[in-house]
Amino acid sequence: MPAAPRRTSPSGAKRKATILVACASLEQRRRWEPSLQDCFAVCGVSERSALEQVLEYLRFDVLVLHLGLPGLGGLTGLREIHAVSPSTKILALATRPTDTDGVAALEA
């Protein structure tokens, strides 16, 4: 994986891009996070309430969001989460997406 773009912090130091992984499966997060940590500062949550709490206080560059996250409510929840943190880029994952789901996620 190529190095992530680094941004300059207010102090002038370079910082890693930040990723929040929101997935109920601890096993999946354990598989994804180590490889992401090489290039990014990574945080993980397992349910919507924790996701909302983290997004209230911290801004992430990218949110890797499994649409099956407990309490999310699928695409409706995706729209609501985007409204909480509009500057965060969201990568939406689904267990069995359809073309209709994919288009709706892009619209959200």
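Only a predicted model underlies this, so the values are computations on that prediction, with no experimental measurement involved.
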- Item | Short side-chain to backbone donor-acceptor contact, R29 and V21, under 3.5 Å | no
Hydrophobic cluster membership, with links at side-chain heavy-atom distances under 4.5 Å among I/L/V/M/F/W/Y: are [X] and [Y] in one?
X: L58; Y: V62; answer: no
X: L91; Y: L36; answer: yes
X: L20; Y: I90; answer: yes
X: F60; Y: L78; answer: yes
X: L65; Y: L75; answer: yes

- Could you give me the CA-CA distance, side-chain angles and deciding distance for V42 and W32, then say whether side chain to side chain contact (heavy atoms under 4.5 Å, CB included) is met? CA-CA 10 Å; V42 180; W32 298 340; over 6 Å; no
- Item | Approximate separation, where rounding is to 0.5 Å, of C43 SG and L55 CG | 9.0 Å
- At what distance, to the nearest 0.5 angstrom, does CG of L69 lie from OG of S46? 7.5 Å
- Report yes if the side chains of Q28 and R31 come closer than 4.5 Å at any heavy-atom pair, otherwise no. yes
- Query: Are any non-hydrogen side-chain atoms of T88 and I81 less than 4.5 angstrom apart?
  - Reply: no
- So which pairs with a foot in residues 42-60 pass salt bridge (Lys or Arg N to Asp or Glu O under 4.0 Å), sequence neighbours left out? R48-E52, R48-E80
- Query: Taking all atoms of both residues into account, what is the closest heavy-atom pair of L63 and A22, and its distance?
  - Reply: CD1-CB, 4.0 Å
- Item | Shortest non-hydrogen separation from A94 to L67 and the atoms involved | CB-CD1, 4.3 Å
